[in-house]
Amino acid sequence: GNGKHISIPHSNELNFGPSNLTISFSISANVVDETFYIIGKSPGNNGTQKWAVTYNVPKERGVQFHVNPGNHWIASTMQNLTLKTWQHITVTKIGARYDIYIDGVHFSNGIGPASNGTGNTAPLTIGSIEGGGFVNGTIDDVRIYNRALSETEVAALYELEAPPGALLWSFDTGSVL
């Protein structure tokens, strides 16, 4: 990326601890062959309390949720983002289960720490973490909820945030909405 990112001052509400959560955003990536950090809270790359949504090329390729301590890479989509195309990503956490959705469709899940981040005083950063791994692309409509959205709510959020001209497919009716 170009070194641009947003930094939001620390707030205890952004440390999820044992609580459930949802992180949602839209992204249009200009490259899909390099690793970057989309959103997270990390005081540094030293094994301290942190969490991040990443796009990781060398480790299981795809969008992933990453937490420390323990260096857990959770719920990889195992799929590249689509180059220069808006995609809506949602990560939910219920207890120790983490799920990732792309464009309202469930892609991946994994088990990780049920509690993380309670002692993290780092700012929330969007477009990078730890002063590097900048996103080469555009991020829009970042949302963080203090609860896990249901699969139905994730699909509804995607429909709400779908880019103009997007064709939405209904799996219930088997047709374009």
Side-chain angles (χ1 to χ4, degrees), residues 1-17 19 21-93 98-103 107-108 110 112-113 115-146 149 154 157-158 161 163:
N2 58 12
K4 293 183 180 179
H5 67 283
I6 295 171
S7 181
I8 299 166
H10 163 70
S11 170
N12 282 328
E13 287 80 23
L14 297 172
N15 290 338
F16 60 86
S19 302
L21 78 127
T22 300
I23 302 165
S24 175
F25 56 89
S26 294
I27 186 167
S28 177
N30 293 334
V31 297
V32 294
D33 59 352
E34 62 185 46
T35 296
F36 48 82
Y37 303 104
I38 302 165
I39 182 172
K41 277 185 59 95
S42 178
N45 194 12
N46 58 4
T48 61
Q49 297 271 335
K50 72 175 173 182
W51 64 263
V53 179
T54 68
Y55 177 73
N56 205 333
V57 175
K59 290 186 187 261
E60 300 183 19
R61 188 171 295 277
V63 176
Q64 298 176 320
F65 195 79
H66 178 72
V67 295
N68 260 352
N71 200 31
H72 298 278
W73 297 92
I74 306 166
S76 174
T77 61
M78 303 288 286
Q79 170 178 314
N80 283 346
L81 291 170
T82 304
L83 186 65
K84 297 183 180 184
T85 301
W86 282 105
Q87 291 183 273
H88 188 260
I89 310 295
T90 303
V91 177
T92 63
K93 175 193 172 288
Y98 296 76
D99 292 272
I100 299 178
Y101 300 80
I102 298 177
D103 293 340
F107 247 81
S108 175
S115 182
N116 183 274
T118 56
N120 184 337
T121 59
L124 173 73
T125 54
I126 302 169
S128 168
I129 65 168
E130 300 170 356
F134 295 98
V135 171
N136 186 340
T138 305
I139 300 169
D140 193 21
D141 196 41
V142 175
R143 297 174 183 223
I144 300 175
Y145 298 83
N146 63 357
L149 297 182
V154 169
L157 182 60
Y158 166 65
E161 298 302 327

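All values reported here derive from a predicted model rather than from experimental measurement. What's counted below: heavy atoms across the whole structure, side chains too, no hydrogens, waters or symmetry copies.
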Handout entry: Minimum heavy-atom distance Ser108-Ser76, with the two atoms named
Key = OG-O, 2.7 Å
Problem - Lys41 side chain vs Ala122 backbone, donor-acceptor pair below 3.5 Å - result: yes
Exercise for the section: Could you tell me which residues satisfy side-chain contact (heavy atoms from CB on, under 4.5 Å) with Ser19, sequence neighbours excluded, listed by chain and number? Expected result: none
Practice task
Side-chain contact test, heavy atoms from C-beta onward, threshold under 4.5 Å: evaluate it for Ser28 versus Trp86 and give yes or no.
Solution key: yes
Completion exercise
Sequence neighbours excluded, the answer for salt bridge (charged side-chain N to carboxylate O under 4.0 Å, His left out) partners of Asp141 is Arg143
Handout entry: pair Ile89-Leu81: side-chain heavy atoms closer than 4.5 Å
Key = yes
Practice task
Measure from the side-chain N and O atoms of His10 to the backbone N and O of Asn120, and report whether any donor-acceptor pair falls under 3.5 Å.
Solution key: yes
Problem - Nearest heavy atoms of Gln87 and Thr82, plus distance in Å - result: OE1-N, 2.6 Å
Handout entry: Any donor-acceptor N/O pair, Thr77 side chain to Val63 backbone, under 3.5 Å
Key = yes
Handout entry: Ile8 side chain near Ile126 side chain, heavy-atom distance below 4.5 Å
Key = yes
Handout entry: Under the ring pair (Phe, Tyr, Trp, His ring centres under 6.0 Å) test, residues paired with Phe65 that sit two or more places apart
Key = Tyr98
Exercise for the section: Enter the distance from Thr22:OG1 to Lys93:NZ here, rounded to the nearest 0.5 Å. Expected result: 10.5 Å
Exercise for the section: Report the residues that fulfil ring pair (Phe, Tyr, Trp, His ring centres under 6.0 Å) with Phe36, sequence neighbours left out, ordered by chain and then residue number. Expected result: Tyr55
Fill in the blank from the handout: CD1 (Ile129) and OG (Ser7) are apart, to the nearest 0.5 Å, by 12.0 Å
Problem - Residues forming a side chain to side chain donor-acceptor pair (under 3.5 Å) with Asp103, sequence neighbours excluded - result: none
Practice task
Side-chain contact test, heavy atoms from C-beta onward, threshold under 4.5 Å: evaluate it for Leu124 versus Trp51 and give yes or no.
Solution key: yes
Exercise for the section: Measure the NZ-OG1 distance between Lys4 and Thr138 for me, rounded to the nearest 0.5 Å. Expected result: 10.0 Å
Exercise for the section: Verify, without hydrogens or angle tests, whether Ser128 (side chain) and Phe134 (backbone) share a donor-acceptor contact under 3.5 angstrom. Expected result: no
Problem - Straight-line distance of Leu149 CG to Asp99 CG, nearest 0.5 Å - result: 11.5 Å
Handout entry: Non-neighbouring partners of Ser11 that pass side chain to side chain donor-acceptor pair (under 3.5 Å), sequence neighbours left out
Key = Glu13
Exercise for the section: Please say whether more than 12 non-hydrogen atoms of neighbouring residues, nucleotides or ligands are located less than 6.0 Å from CG in Asn146. Expected result: no
Exercise for the section: Decide yes or no for Ile144 and Ile39: does some side-chain heavy atom of the first lie under 4.5 Å from some side-chain heavy atom of the second? Expected result: yes
